[in-house]
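Data block below; observations after.
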Amino acid sequence: MVSPEGFPVCSSCGLVAQELIFDWSTPPDGDVKGRIYLGGWEEGSIITNPPLGGSRVSERLVKLNIRVKYGGGRSADREVFRELTVICKALGLPREVCEHAFIIYRKLVRVLRDVVAGRRVTHFKVAAAALALSSRSEGRPIPPLKIAKAFRARGHLVSPSDIMEIVHLARRRGGVPRYTTRDMLRLCAAVLAKLGVKVDEAVVRDAEEVLHAVPRHYVSGRDPHLLALAALYLVLKRRGVSISYYRLARITRRATSSVRANVKLLEKLLHMREVAVALS
DNA sequence: GGGCGCCTATAAAAGGG
DNA sequence: CCCTTTTATAGGCGCCC
């Protein structure tokens, strides 16, 4: 079944089942029975409030769960997890974003092991960078300044440049996947596919072409995910597949006007390009 | 650090099925 | 309700002081 936070959990034991959901579409329906391992480190549940009924799980059980899942003792990870939970809540982020950030945090710590021991790069700065990356991979990037403020509100000395520095460092070491235009398009395509809108590889390629054809400076500053979405919309429309702005926006949890604005912009730019080509 | 203008994303509303 | 389009507003970012 699906927890109120949109988390697939086992109906009988409450363990998180199935891959975490990071896209914007609605979670899958139906029961998931039994225990499923998620990449090796998820050994328990961190469902702090039971998905069924209103009774709270005991504090002791919650602590036990966290210890089992994230390692015993007073590890830095536990502290980070707690802070991430509070900060994500303050930022109004759903639990899966927090979870994802924590997964990335652990990866970053592993990649930057030698640096994190130092004074300049603290665990919390890494956690802040992880939050930036998780929100980015999810298609809803949170500006480093906003993250830094949220961390500072909790007393952590985190600046936007700290976040950017750590991301840069980890990227140079190959610890951070690069999100290309194609990745973003695939992400959008996967969301559409769940709604029965067929998006094959050729469509993705065409959309990629559209985005590459557009001069950078015309679209700088715009949300790349919205642009990717708009490109997909255009390509689909060109192929006679009709989706409304309304539906597209609802699926992706965006505003219809933003989707439309980006589509119109791309249309305009493509038209300008055609004219330029015709004149040359 | 503000104050200011520019720009984007979004919510809300308007208006037509 | 489903959809498109317009309008108003919030919030970011750079720039200037």
Side-chain angles (χ1 to χ4, degrees), chain A residues 6 22-26 29 87-94 96-97 101 128-168 179 181 183-185 187-189 191-199 207 210-272:
Chain A
F22 302 134
D23 65 40
W24 326 303
S25 67
T26 48
D29 231 3
I87 287 164
C88 284
K89 203 168 197 175
L91 289 171
L93 301 171
E96 61 260 30
V97 175
L131 187 54
L133 287 173
S134 73
S135 65
R136 215 180 284 178
S137 77
E138 195 208 0
R140 305 298 290 254
I142 304 167
L145 179 64
K146 201 169 178 179
I147 295 175
K149 275 184 181 164
F151 272 78
R152 272 210 291 274
R154 296 285 300 173
H156 306 295
L157 288 174
V158 178
S159 71
S161 53
D162 285 333
I163 294 173
M164 291 190 276
E165 184 192 357
I166 291 170
V167 169
H168 181 70
Y179 290 105
T181 307
D183 293 331
M184 283 186 280
L185 286 169
L187 193 63
C188 292
V191 175
L192 292 181
K194 280 190 182 174
L195 253 127
V197 181
K198 280 258 161 67
V199 183
V210 166
L211 289 176
H212 282 312
V214 167
R216 284 288 166 83
H217 58 277
Y218 281 111
V219 292
S220 68
R222 306 190 93 94
D223 188 327
H225 290 88
L226 269 174
L227 282 168
L229 202 60
L232 277 181
Y233 177 91
L234 274 182
V235 172
L236 285 172
K237 193 175 160 194
R238 203 182 284 167
R239 296 183 175 219
V241 182
S242 69
I243 343 161
S244 66
Y245 294 129
Y246 180 80
R247 267 222 303 162
L248 199 57
R250 278 202 32 180
I251 298 164
T252 54
R253 301 196 187 160
R254 293 286 187 162
T256 54
S257 46
S258 348
V259 177
R260 180 175 182 274
N262 280 271
V263 170
K264 292 290 175 193
L265 178 73
L266 284 187
E267 273 178 340
K268 197 183 85 187
L269 293 176
L270 288 179
H271 183 248
M272 272 171 54

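Residue numbers start from 1 in every chain, and the chains themselves are labelled A, B, ... in the order their sequence lines are given, proteins ahead of strands. A quick note: this is a predicted structure, and the numbers were derived from the prediction, not measured.
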*Can you measure from OG (A:Ser134) to CG (A:Leu93) and round to the nearest 0.5 angstrom?*
7.5 Å

*Can you pull the contact range of chain A along DNA chain B, 5' to 3', using atoms under 4.0 angstrom from its heavy atoms?*
B:dT8 to B:dA11

*asked:* Tell me if the CG atom of A:Leu157 is crowded by more than 12 foreign heavy atoms within 6.0 Å.
replied: no

*With side chain to side chain contact (heavy atoms under 4.5 Å, CB included) as the test, would you mind laying out the steps for A:Leu91 and A:Val97 before giving the verdict?*
CA-CA 11 Å; A:Leu91 289 171; A:Val97 175; over 6 Å; no

*Which two nucleotides bound the region of DNA chain C that has atoms under 4.0 Å from heavy atoms of chain A, read 5' to 3'?*
C:dC2 to C:dT6

_Residue pair A:Arg140 / A:Arg253: nearest heavy atoms and the distance that separates them_ = NH1-O, 3.0 Å

*Measure the spacing between CG of A:Leu265 and OH of A:Tyr218 and express it to the nearest 0.5 Å.*
10.0 Å

*Counting only heavy atoms not in A:His271, do more than 12 fall under 6.0 Å of its NE2?*
no

*For A:Tyr245, answer base if it contacts any base atom (sugar-phosphate contacts may also be present), sugar-phosphate if it contacts only those atoms, and nothing otherwise; contact means non-hydrogen atoms under 4.0 Å.*
sugar-phosphate

*asked:* As an exercise, state the distance from CG of A:Asp223 to CE of A:Met184, rounded to the nearest 0.5 Å.
replied: 8.5 Å

*Does the side chain to side chain contact (heavy atoms under 4.5 Å, CB included) test come out yes or no for A:Val210 and A:Arg238, once each step is laid out?*
CA-CA 12 Å; A:Val210 166; A:Arg238 203 182 284 167; 4.1 Å; yes

*Heavy atom of residues 236-244 of chain A under 4.0 Å from DNA chain B: which residues?*
none

*Which distance, rounded to the nearest 0.5 Å, do you find between the NZ of A:Lys264 and the CG of A:Leu266?*
11.5 Å

*Check A:Tyr245 against A:Val263 and note the closest heavy-atom contact, atom names and distance.*
OH-CG1, 3.8 Å

*Would you give the length of the straight line joining atom SG of A:Cys188 to atom CG of A:Asp183, rounded to the nearest 0.5 angstrom?*
11.0 Å

*So which heavy atom on A:Leu211 is nearest to which on A:Ala228, and how close?*
CD1-CA, 3.9 Å

*Do any of residues 158-165 of chain A sit with a heavy atom less than 4.0 Å from DNA chain B, and if so which?*
none

_Positive for side chain to side chain contact (heavy atoms under 4.5 Å, CB included) with A:Leu227, one of A:Val214, A:Val219, A:Leu232_ = A:Val219

*Euclidean distance, A:Ile87 CD1 relative to A:Arg154 CZ, rounded to 0.5 Å*: 6.5 Å

*Mind listing the residues from residues 264-271 of chain A sitting with a heavy atom below 4.0 Å of DNA chain C? Number order is fine.*
none

*With sequence neighbours left out, write down each residue that passes side-chain hydrogen bond (donor to acceptor under 3.5 Å, both in side chains) with A:Arg239, or none if nothing qualifies.*
A:Asp206

